[in-house]
Amino acid sequence: MPKNTTTPLAPISPQAVMDIFDHLRAVSVNDSEFAGALVAAEPRMPELIVDVIERIVVPVTAIGERVPEPCDESFVLDALASVFVTALRAWATAGPDTAEPLARTALHLIAQLLVEDHEDLAGVLEHLNTVALHQAIQFLADVRGDVATGWPATA
């Protein structure tokens, strides 16, 4: 998997991170029942999936240190990524029924951008899940002060 392809998912809660990646895994193996239960428990699932997509797409397409001498194609790719994420955000507002097609879009994107020859989608999802969960817990620890649980330290 390419390096530096995700930015922190915080302030998503650790539970939401686990739910997002459980949903992506369920959709990837066609477990509609479990995927549906996750969406019922977390109606913001479509928006959360788009958040994951954005945090993969933007670092891959953004003009910056990665592109020391940008050309016309660099600017086009950056603009297309912005349009893509904006369109997905608009689609996500249609409600919980958009979670599965958005998850399939995310899985296809992850497979195309992050899965290399020696890897499989499940392994990349597990890696992304681990990174996102660590970032979510670290964010809570930084904001609330309790590294072990991510919840406020008690006095």
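Once rounded to the nearest 0.5 Å, the distance linking CG of Leu109 with CZ of Arg104 reads 15.0 Å. Taking CG from Leu121 and CG from Leu114, the interatomic distance works out to 9.5 Å, rounded to the nearest 0.5 Å. Distance OG1/Thr98 to CD1/Ile49: 7.5 Å, rounded to 0.5 Å. Annotation: the span from Leu107 atom CG to Leu102 atom CG amounts to 11.0 Å, rounded to 0.5 Å. For the atom pair CZ of Arg44 and CD1 of Ile20, the computed distance is 8.0 Å after rounding to the nearest 0.5 Å. Remark: Glu42 CD to Leu48 CG distance equals 5.0 Å, nearest 0.5 Å.
Residues Glu47 and Ala92 share a closest heavy-atom pair of OE2-O, 3.5 Å. The shortest heavy-atom contact between Ala35 and His23 is O-CD2, 3.3 Å. Across Leu133 and Met18, no two heavy atoms sit closer than the pair CD1-CG, 4.1 Å. In this structure, Pro96 and Pro46 approach most closely via the heavy-atom pair CA-CG, 3.9 Å. Between Ser13 and Ala136, the closest heavy-atom pair is C-CB, 4.2 Å.
Residues passing the salt bridge (Lys or Arg N to Asp or Glu O under 4.0 Å) test with Asp22 are Arg25, sequence neighbours excluded. For Asp78, the side chain to side chain contact (heavy atoms under 4.5 Å, CB included) partners at least two apart in sequence or on another chain are Ala62, Ile63.
Residues Arg89 and Glu54 form a side-chain contact, since some pair of their non-hydrogen atoms from C-beta on lies under 4.5 Å apart. Residues Val50 and Trp91 fail the side-chain proximity criterion, which asks for heavy atoms closer than 4.5 Å. Looking at Asp120 and Val115, their side chains never come closer than 4.5 Å, going by heavy atoms from C-beta outward. Val52 places none of its side-chain heavy atoms less than 4.5 Å from the side chain of Leu128. With a 4.5 Å cut-off on side-chain heavy atoms, Gln15 and Asp19 count as touching.
The same ILVMFWY cluster, assembled from side-chain heavy atoms under 4.5 Å apart, contains both Val27 and Phe34.
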